[in-house]
Structure formats: structure tokens, C-alpha cells
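All residue numbers refer to positions in the sequence shown, counting from 1.
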Amino acid sequence: MNIEAKELSKIYGARENRVVALDKASLTISENDFISIMGPSGSGKSTLLHLLSGLDHPTQGSLTYDGRDIYSLSDKALSAFRRQRIGFIFQQFNLLPVLTARENIIMPLLLDKKQPDEAYLKQLTDLLGISGRLTHLPHALSGGQQQRVAIARALIARPDVVFADEPTGNLDSKSGGEVMEMLGSIPKKLGRALVVITHDSRVAQMADRQFTIVDGTLSEVKVWK
Ligand code: ADP
Ligand code: MG
């Protein structure tokens, strides 16, 4: 698995309203990578994550997954590609309030008319500590539990890569710490790449490769390990 983003730029607006949200960002993501991207509010973090995951298209630049240019896919093919190969975790959890935890987790499979692998579902929910909460509706779960359900949903289709946009931003520091610990174990335990955006330097330092983004410019931080 190899994801290659080359000089991705995103420009919003024109003339006096022109905003360069992302300026020629290049990044390669390989199997089992754990990458963090840290930057202040408004620096282009979400823009970058949306481009890398095909949720949005760039003004310029290219993105390939195993050599395949995903921006050239039709909307329908791209949606299917995203459901099967990419997991996404939002700051606001984005669970469907009328569905139980289990139904939320398996939703991406149902959209592809697939049944869950019960052994894998159990492995995931055990790992995330939510096996005893699967019949609950989201409102009956704590914030940390809701985010762990969202993590299971992001992993259920066995994607190549999971992108998380400030996954602990809505949690208190204790449950945020628990969520990050579980999330951070995913590359090694489940063999998926993980890209986490955060304002929190402790979260950023858990990653094997660290990037910063300032005013739309992405750079890798060299860490001596
Ligand atoms: P971050 O996630 O780091 O807080 P964003 O990627 O959301 O930052 O935003 C980067 C910049 O792009 C900001 O200046 C923001 O105001 C601008 N921006 C984001 N989305 C839009 C949009 N849809 N239209 C215009 N400007 C936008
Ligand atoms: Mg953001």
C-alpha cells in the first residue's frame, strides 16, 4: 500500500477573498505508517485531510493510491473506493443518533451490501473496550465511548488507511488520552496506516513520523529516535 500526494494545493475564493488554504503539500504514506500533523487553527489541517481522503478535490496537485489517480474517479466510484479503502474519524464523532453502536459500526459494510465478519467485529470492539455497549444508542454513551464506536466504524471495512481529524478535540483529557492510546496502537495491532491531526503535542509525539503545517505549508519534523 502506497499513497502519494504530490504538491496538493487548495485555493478558496478569488481576488481580495483569495485564501491559499494549502500550498503544494507533498506526502507519502506507506503500510503501517503512524503519522501526525500538528498546526494552529486555520493552518490547513482539515483541508489537507479532506484532500488526502478524497472528500474534496484540490485546486492543483495529484493523489495516487497504489498508482491509481483517485481524483479521476467518478463520484460514485470514489465513494465506493472511500468506503472500502479509507477510514475517517471526525472530531464530532458523526454517529447516526437513531442507530445502535453496533449498527453504526457496520453501516459502511451495509452500504456495500456486505455482512460483518463477526470475529473481526469482536476483535475490534474488544480492543476498543466497547463490546458491552453495542446495543446502546449514541446518546447513552460517554464522549470517549462514542469516539471509540466511530473508530470501530472507521476500521470495520479493513481500510488501508485511517485519517483522524482532531479525534480528541471534543473529549476531556482523560478520555482523550484513552482514545489516543487505542488509536495509536492500530498501526501495529491491525496493520493499518494512521494519519492523525492534532493541536496536542503529546498526541503528535506518539507518531513515528511528525509533520507541522503553518499557513498551508506542510513540513516534516525530523525526530531522532
Ligand atoms: P484547520 O483545520 O487547520 O483549522 P482548515 O483547513 O479548516 O484549517 O482551513 C484552512 C484555511 O482555509 C482557513 O483560512 C479557512 O478559513 C479556509 N477555508 C476552509 N474551508 C473554506 C471554504 N469552504 N471556503 C473558504 N475558505 C475556507
Ligand atoms: Mg480543522
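You'll find the side chain of R153 reaches within 4.5 Å of the side chain of L95, heavy atoms only. Put simply, the side chain of I89 reaches to within 4.5 Å of the side chain of V162, judged on heavy atoms. In this structure, L183 and I151 have side chains that are in contact, with non-hydrogen atoms separated by less than 4.5 Å.
Salt bridge annotation for E118-K122: absent, with no cationic side-chain nitrogen under 4.0 angstrom from a carboxylate oxygen. Between R83 and D112 there is a salt bridge, since a side-chain N of the basic residue sits under 4.0 Å from a carboxylate O of the acidic one. The residues R202 and D200 are annotated as salt-bridged, a charged nitrogen and a carboxylate oxygen being separated by less than 4.0 angstrom.
Among residues at least two apart or in separate chains, salt bridge (charged side-chain N to carboxylate O under 4.0 Å, His left out) pairs with a member in residues 65-76 are D66-R85. Pairs passing the salt bridge (charged side-chain N to carboxylate O under 4.0 Å, His left out) check and including a residue from residues 43-53, sequence neighbours excluded, read K45-E166.
Here the shortest heavy-atom pairing between I86 and S53 reads CD1-O, 3.6 Å. Nearest heavy atoms, N104 versus P138: ND2-CG, 3.9 Å.
Considering L27, L52, T47 in turn, L52 is the only one that fulfils the side chain to side chain contact (heavy atoms under 4.5 Å, CB included) rule with L8.
Looking only at atom types and distance, the side chain of N170 has a donor-acceptor partner in the side chain of Q91 under 3.5 Å away.
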